[in-house]
*Asks:* 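Let me give you the structure first, and then I'll get to my questions.
Each chain gets a letter, A, B and so on, in the order the sequences are listed, and its residues count up from 1. Everything quoted here is computed from the prediction, not taken from an experiment.
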2 protein chains.
Amino acid sequence: MTTNNRVWTAALLVIGDEILSGRTEDRNIAQIASWLNMQGIRLAEVRVIPDDSQAIGEAVLALKDNHDYLFTTGGIGPTHDDITVESISQALRLPVIIHPEAKACLDAYYADRGGVTPARLRMARTPEGATLIKNPVSGAPGVRIGNIFIMAGVPKIVTAMLESLNGTLSGGKPVLSRTVGSWNGESQIAKILQETEKDHALCKLGSYPFFRNGSGGVNLVIRSVDREALNRCAEDLINRLLKEDLSAVDGAI
Amino acid sequence: MTTNNRVWTAALLVIGDEILSGRTEDRNIAQIASWLNMQGIRLAEVRVIPDDSQAIGEAVLALKDNHDYLFTTGGIGPTHDDITVESISQALRLPVIIHPEAKACLDAYYADRGGVTPARLRMARTPEGATLIKNPVSGAPGVRIGNIFIMAGVPKIVTAMLESLNGTLSGGKPVLSRTVGSWNGESQIAKILQETEKDHALCKLGSYPFFRNGSGGVNLVIRSVDREALNRCAEDLINRLLKEDLSAVDGAI
């Protein structure tokens, strides 16, 4: 599944009034980003939009062609505000069908839970031509149509859906990272950071300040697809910091 | 500051490789969404993009004209990967200047912290014509240019910057909410939810399933700008649930 050097990218569309109202703190961006990274796919853009058919359609059309993959979360449950499947189908000009395999999943899951009601049957709808993403947690599957992966909003279900997709997508080399922590301020380290990045062409450096219990410091994250280059850069960075009598710790603080 | 009935909207641009790599879980979307809501402004769209000048410029131009306000987080520190100010200035075709007031803030803050070094002086840069957003936490101010509010990425600094903007922006009526919890499943409640929404035109209903310690249920959130309509709808919803022998709790579970 690995093709050399080509960078594979994905976009994520988070669909949900509850995120935009501040009611719910999103937990899916970070887990999907980390999972994609392990598949050798870079998360290049995220959009959060309301449960609105037009907004969903516009965002899907804008994102699916610009990236190798598009993932969506949210809006595939049994209630009237779950409109992701019909909105995406409409945008793609595909009819919505009751997917027989999805219905079979629901029949099995709800057999001893009161059966498949009309509300529950909504969760068997897909655009015509879709395949399913397994959901061992709560029965209702996710949906794959072309390069679009339509997933649930509940983080635990997303985790399970990602597990079922593990290793099935084409990707490049995973981005590796190492972190060097320092109790010095970002502005004291800025020059060394810039010079180190300049001398290590295969690595990208980022600095992430933190404040904890009245003290502060910075975690310096080095990223590369090349493990040896990564390790050389980390050692070099630590040496440069220590040489200037600055604090340097191998690993995140 | 209140104008009747007009809906004021904002977009949020989260700038940061660390969010897209999965290293850092975003904490700013929820706090900015809640704060905007209190100002009577609706967060209508969020985008998360990398520390990339072209991506920043394109997103800023796309979002600033579609909304009353655009907020950005991230990329205004002292290091070489902090490129938000120059990227936005370039997109707006404005020169970058050292803002005298911002420099004065830094001079004061760093007086007994080793003084303003070249790296630290980067944090006094603004597009020409900008005003400042106070930052009592760490000296370096945020930047306002037109309807764009450029803020830090560290959540604690964002909190402080939002506090300093409290009550200064024009907005409409804040959206109020009430939550009714139920230990029944979303699919058992779907029909009641839809019928209740239909009968309460001033309210919008959303349902948010949860799984906890092997049990599950759903929180039903009612939103409205009208407090009386909100309370009528909540009572009606509780009565409809109880009448069908379903679980109903006043408040989130």
*Asks:* Check each atom of B/Q31 against the heavy atoms of chain A and say whether the ones under 4.5 Å are side chain, backbone, both or neither.
*Replies:* neither

*Asks:* Strictly less than 4.5 Å between heavy atoms, which residues of residues 112-123 of chain B line up against chain A? Please order them by number.
*Replies:* B/T117, B/A119, B/R120

*Asks:* With a 4.5 angstrom heavy-atom cut-off, is it the side chain or the backbone of B/A44 that approaches chain A, or both, or neither?
*Replies:* backbone

*Asks:* Between B/E86 and B/R125, does the salt bridge (Lys or Arg N to Asp or Glu O under 4.0 Å) criterion hold? Intermediate values first, please.
*Replies:* CA-CA 8 Å; B/E86 55 262 48; B/R125 293 169 314 152; 2.9 Å; yes

*Asks:* Going by the side-chain contact (heavy atoms from CB on, under 4.5 Å) test, name the single residue among B/V218, B/N219, B/L193 that passes it with B/E186.
*Replies:* B/V218

*Asks:* Relative to chain A, which of B/I49, B/D26, B/V221 shows the most heavy atom pairs under 4.5 Å?
*Replies:* B/V221

*Asks:* Could you look at B/I157 and say if it's the side chain, the backbone, both or neither that has a heavy atom under 4.5 Å from chain A?
*Replies:* side chain

*Asks:* Need one label for B/D82: side chain, backbone, both or neither, based on atoms under 4.5 Å from any heavy atom in chain A.
*Replies:* side chain

*Asks:* Applying salt bridge (Lys or Arg N to Asp or Glu O under 4.0 Å) to A/K204 and A/E197, what does each step give before you reach the verdict?
*Replies:* CA-CA 6 Å; A/K204 196 171 177 194; A/E197 185 172 79; over 6 Å; no

*Asks:* Tell me, yes or no, whether the heavy-atom count around B/Q54 atom CD, taken from other residues, nucleotides or ligands under 6.0 Å, exceeds 12.
*Replies:* no

*Asks:* Heavy-atom cut-off 4.5 Å, strictly under: side chain, backbone, both or neither for B/R42 against chain A?
*Replies:* neither

*Asks:* Pick one of side chain, backbone, both or neither for B/K191, based on which atoms fall under 4.5 Å of a heavy atom in chain A.
*Replies:* neither

*Asks:* Between A/N166 and A/E163, do the side chains contain an N or O donor and an N or O acceptor separated by less than 3.5 Å?
*Replies:* no

*Asks:* Would you say B/S224's side chain and B/L202's backbone share a donor-acceptor pair under 3.5 angstrom?
*Replies:* yes

*Asks:* Is B/D17 close to chain A through its backbone or its side chain, or both, or neither, when contacts mean heavy atoms under 4.5 Å?
*Replies:* both

*Asks:* So what's closer than 4.5 Å to chain A heavy atoms on B/S177: side chain, backbone, both or neither?
*Replies:* neither

*Asks:* Give, as side chain, backbone, both or neither, the part of B/F210 having an atom under 4.5 angstrom from any heavy atom of chain A.
*Replies:* neither

